[in-house]
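Each remark here refers to the structure printed beneath this line.
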Amino acid sequence: MSRLYITTPIYYVNAKPHIGHAYTTVVCDVFARFNRMLGADVKFTTGTDEHGKKVEQSAVKAGISPQEFADNISKLFRDLLPVLNISNNDFIRTTEPRHKKTVQHFWKKLKDAGYIYLGEYSGWYDMRNEAYFAEDELVDGKSPLGGEVQYITEPCYFFKLSAFQDKLLEFYENNPDFVYPVQRRNEMLSFIKQGLRDLAISRTTFSWGIPVPDDPKHVVYVWLDALTNYLTLNGYPDNENQNNDKYWNNVIHFVGKEIVKFHAIYWVAFLMAVGIKPPKQVVSHGWWLSEGEKMSKSLGNVQDPYKYCRLFGSDALRYYMLRELTFGSDGNFALEAFIQRYNSVLANAYGNLCNRVLSFICKRCNGVVTRPTELLPDDEKFIGEVDGGIEQVIPLVRQYNFSRYLEKVEHMISLANQYVDYQKPWGLKDSEPKRMQDILFILAEQIYKITKCLYPVIPHTAEKLLKQLGIPYELKFIPTEKIPDVIHITDIEPLFPRIDTSDIQKLNVYAEG
RNA sequence: CGCGGGGUAGAGCAGCUUGGUAGCUCGUCAGGCUCAUAACCUGAAGGUCAUUGGUUCAAAUCCAGUCCCCGCAACCA
């Protein structure tokens, strides 16, 4: 059985979760569920990143301890998981003892390997942005980030990143698919080729962090701290030999485009330094704009995932996010587009298809249909097209092409609606009742297959439909999967009730309140 | 010569890596059906794929130039 270890980044607790966090998590969940359905043993993890100066400052501002502050926000991230129906296997907080232990162990390993040295960092320091700049980088006496700067010297541990330039290039050469998509890979390559400078990996200007072993004046740089979570979650250091670990041999890190560098360069170098195999792939996605503009707190247009789940259900949000965005690119999150997709695809095409077929079976066949003894050419054509669709869907998901995957499924739904219209079972109830029930059975079976395809994206509704069909959910997924020879249908209800588009304003008000 | 993304039917997007009938959703118009969540099905109109030039038997797709739009303080997937 193939194993897979899928991770979200751990989310920084400086602010509450927004639609972007939800997106990354949902993408991972869909990928995890799909692979499980194909028979993989999937470990899927997420969590929160809680150390660092910004959290410390925010806590001070809020008048509480950093730990309390982190507790509060971390809870919002954790509580979002069931709301989004996420199937993660673990949730980590960087403030947990198990993680502290891993980070300190990892640090010692890096040091023993000779890749950490004590030096000092001096330069123009932008207090607000916690970053040093060279003289020639300053703009009008301020940092390029706009903050006031002062010249300081601070003792600091460094990681010899410069020693990994050639090794990284070689690694990229040997693993052409390491960074997805290819544009991001090219960015990484040019970054490496520009020349890598040693990385400052400790801080002394604040204390909210994991103390450096044997030198507790320093705390570990947040990114080193955060990245190490992937090891903590895989049992390191108790499970010291990660290179023989089946999960570790198939790690896929899903990340937003802004943090590719940390995963695809720094993290790889850290792991190389201690002799642990780098991840298999870093997969990066784009950003959501909000109603056409960049999402930001100051613009007040941050999209709240809780709101959409409350209004339309998590399945609808999951579907919209995966279908709307071409994976890897930026896209626009808009209520109107959300409702349009919901109504046209989930309500009209899919929901109505299920409803028209199942209620027909209830009304005309007393809820029971049995497998036909023979198929007509039309039936075989239809079934063949659905099976063919499923075969196309699998590679699309493996290639992270979620929007085209759903487009394919939408096409399969359309084929089913065509089949209903063309076969006109309602015209056969008196003349050819046998043929009528054959048609309905075939439809029920294809609906089942289509629903299986949709399951990773809309797990809640998919289970509901299977229940209506009276078929227990099984994880396995075979393109030519068959349902039982006799189907009993009971308790039908619409899967996705139509949204009244004239009520958008009201919906907004309701959602805010 | 700052960096990056983008310009494809009325709107929003896919296709561009691996050149070869321009595709999807919505909208519009005209039919059909009546099982169904006023849903479904069929057909039609609508694109010189920003622009110029080049390569080629053939370019939305490759190459070069030009124009235009968006992002690049912080928060942050």
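Protein chains get the first letters and strands the later ones, always in sequence-line order, with residue 1 at the start of each.
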Exercise. Looking for any heavy atom pair under 4.0 Å, which part of the strands does A/I259 touch: base, sugar-phosphate only, or nothing?
Worked result: sugar-phosphate
For this session: Flag yes if more than 12 heavy atoms outside A/K434 fall under 6.0 Å of its NZ atom; otherwise flag no.
Result: yes
Problem set entry | Distance test, side-chain N/O of A/N355 to OP1/OP2 of B/C35, below 4.0 Å | no
For this session: Give the nucleotide from the list B/U37, B/A77, B/C35 with an atom nearest to the side chain of A/W288.
Result: B/A77
Exercise. With under 30° as parallel and over 60° as perpendicular, where do the rings of A/W288 and A/F333 fit, or are they tilted in between?
Worked result: perpendicular
For this session: Could you check how far OH of A/Y11 sits from P of B/C75, rounded to whole Å?
Result: 18 Å
Problem set entry | A/R356 side-chain proximity, nearest of B/A39, B/A36, B/A77 | B/A36
Exercise. Distance from A/R364 atom CZ to A/I361 atom CD1, nearest 0.5 Å?
Worked result: 13.0 Å
Exercise. Base, sugar-phosphate alone, or nothing: which one does A/Y12 contact when heavy atoms must sit under 4.0 Å apart?
Worked result: sugar-phosphate
Problem set entry | Mutual orientation of the aromatic rings belonging to A/Y400 and A/F402 [parallel < 30°, tilted 30-60°, perpendicular > 60°] | tilted
For this session: Take atom C1' in B/U48 and the same atom in B/G7, then report the distance between them in whole Å.
Result: 16 Å
Exercise. Across the strands shown, which category fits A/V357 at heavy-atom distances under 4.0 angstrom: base, sugar-phosphate, nothing?
Worked result: nothing
For this session: Considering just the side-chain nitrogens and oxygens of A/K54, establish if one lies under 4.0 Å of OP1 or OP2 belonging to B/C75.
Result: yes
For this session: Looking at every strand, decide which applies to A/G20 at a 4.0 Å heavy-atom threshold: base, sugar-phosphate, or nothing.
Result: base
For this session: Check every strand shown and say whether A/K363 touches a base, only sugar-phosphate, or nothing at a heavy-atom separation below 4.0 Å.
Result: sugar-phosphate
Exercise. For A/K257 and B/C76, is the shortest distance between a side-chain N/O and OP1 or OP2 below 4.0 Å?
Worked result: no
Exercise. Say you pick atom P in B/C62 and the same atom in B/G20; how far apart are they, in whole Å?
Worked result: 11 Å
Problem set entry | Nearest to side-chain heavy atoms of A/S344, which nucleotide of B/C41, B/A77, B/C26 | B/C26
For this session: Would you mind reading off the distance between A/D421 atom CG and B/G31 atom C1', rounded to a whole angstrom?
Result: 14 Å
Problem set entry | Whole angstrom value for the distance that separates C1' of B/C26 from CD of A/E410 | 12 Å
Exercise. Between atom CG in A/L322 and atom P in B/A77, what is the gap in whole Å?
Worked result: 19 Å
Exercise. Taking NZ, NE, NH1 and NH2 as the nitrogens, is one of them in A/K257 or A/D330 under 4.0 Å from a carboxylate oxygen of the other?
Worked result: yes
For this session: Report the relative orientation of the aromatic rings in A/H285 and A/Y23; use parallel for angles under 30°, tilted for 30 to 60°, perpendicular for over 60°.
Result: perpendicular
Problem set entry | Polar contact flag, side-chain donor to acceptor under 3.5 angstrom, A/Y172-A/R185 | no
For this session: Would you mind reading off the distance between A/N348 atom CG and B/C33 atom C1', rounded to a whole angstrom?
Result: 16 Å
Seminar exercise, completed: From the candidates B/A77, B/C33, B/C40, the one with an atom nearest any side-chain atom of A/W426 is B/C33
Exercise. Charged N to carboxylate O under 4.0 angstrom, A/D304 versus A/R310?
Worked result: no
Seminar exercise, completed: Closest to the side chain of A/K429, out of B/A74, B/C35, B/A77, is B/C35
Exercise. Can you tell me how far C1' of B/G5 sits from CG of A/N186, to the nearest Å?
Worked result: 14 Å
Exercise. If you look at every strand shown and take non-hydrogen atoms under 4.0 Å, does A/H18 touch a base, only sugar-phosphate, or nothing?
Worked result: base
For this session: Please determine if A/D71 and A/K75 form a salt bridge, counting it only when a charged side-chain N lies under 4.0 Å from a carboxylate O.
Result: no
Exercise. What integer number of Å spans the C1' atoms of B/A73 and B/G27?
Worked result: 40 Å
For this session: Looking at every strand, decide which applies to A/F496 at a 4.0 Å heavy-atom threshold: base, sugar-phosphate, or nothing.
Result: base
Seminar exercise, completed: Every stem of 3 or more Watson-Crick or G-U pairs under 3.5 Å that RNA chain B joins, in order of first number, is B:2-7 with B:67-72, B:10-13 with B:23-26, B:28-32 with B:40-44, B:50-54 with B:62-66
Exercise. How far does the C1' atom of B/C70 sit from the matching atom of B/A45, given to the nearest Å?
Worked result: 32 Å
Exercise. With a 3.5 Å cut-off and just heavy-atom distances, do the side chain of A/N352 and the base of B/A36 make a donor-acceptor pair?
Worked result: yes
Problem set entry | Selection from B/C76, B/C41, B/C75 that lies nearest to any side-chain heavy atom of A/W287 | B/C76
Exercise. At under 4.0 Å between heavy atoms, what does A/A337 touch on the DNA or RNA strands: base, sugar-phosphate, or nothing?
Worked result: nothing
Problem set entry | Whole-angstrom distance between B/C41 and B/U34, as gauged at atom C1' | 12 Å
Exercise. When rounded to the nearest Å, what value does the distance between C1' atoms of B/U8 and B/G2 take?
Worked result: 29 Å
For this session: Give the B/S/- string for nucleotides 6-17 of chain B, one per nucleotide from 5' to 3', where a protein heavy atom under 4.0 Å of the base yields B, of only the sugar-phosphate yields S, and otherwise -.
Result: -------SS---
Exercise. How far does the P atom of B/G5 sit from the matching atom of B/A64, given to the nearest Å?
Worked result: 14 Å
For this session: Using atom CD of A/Q194 as one end and atom P of B/G2 as the other, report the distance to the nearest whole Å.
Result: 16 Å
Exercise. Strictly by modelled atom types, are A/T45 and A/Y230 linked by a side-chain donor-acceptor pair under 3.5 Å?
Worked result: no
For this session: Give a yes/no on whether any side-chain N or O of A/R498 is located under 4.0 angstrom from OP1 or OP2 of B/A38.
Result: no
For this session: Determine the contact category for A/P494: base if any of its heavy atoms lies under 4.0 Å from a base atom, sugar-phosphate if only primed atoms, P, OP1 or OP2 are that close, otherwise nothing.
Result: base
For this session: Determine, for A/R184 against A/E187, whether the closest basic-nitrogen to carboxylate-oxygen distance falls under 4.0 angstrom.
Result: yes
Exercise. Looking only at atom P, what distance separates B/A77 and B/G19, rounded to whole Å?
Worked result: 39 Å
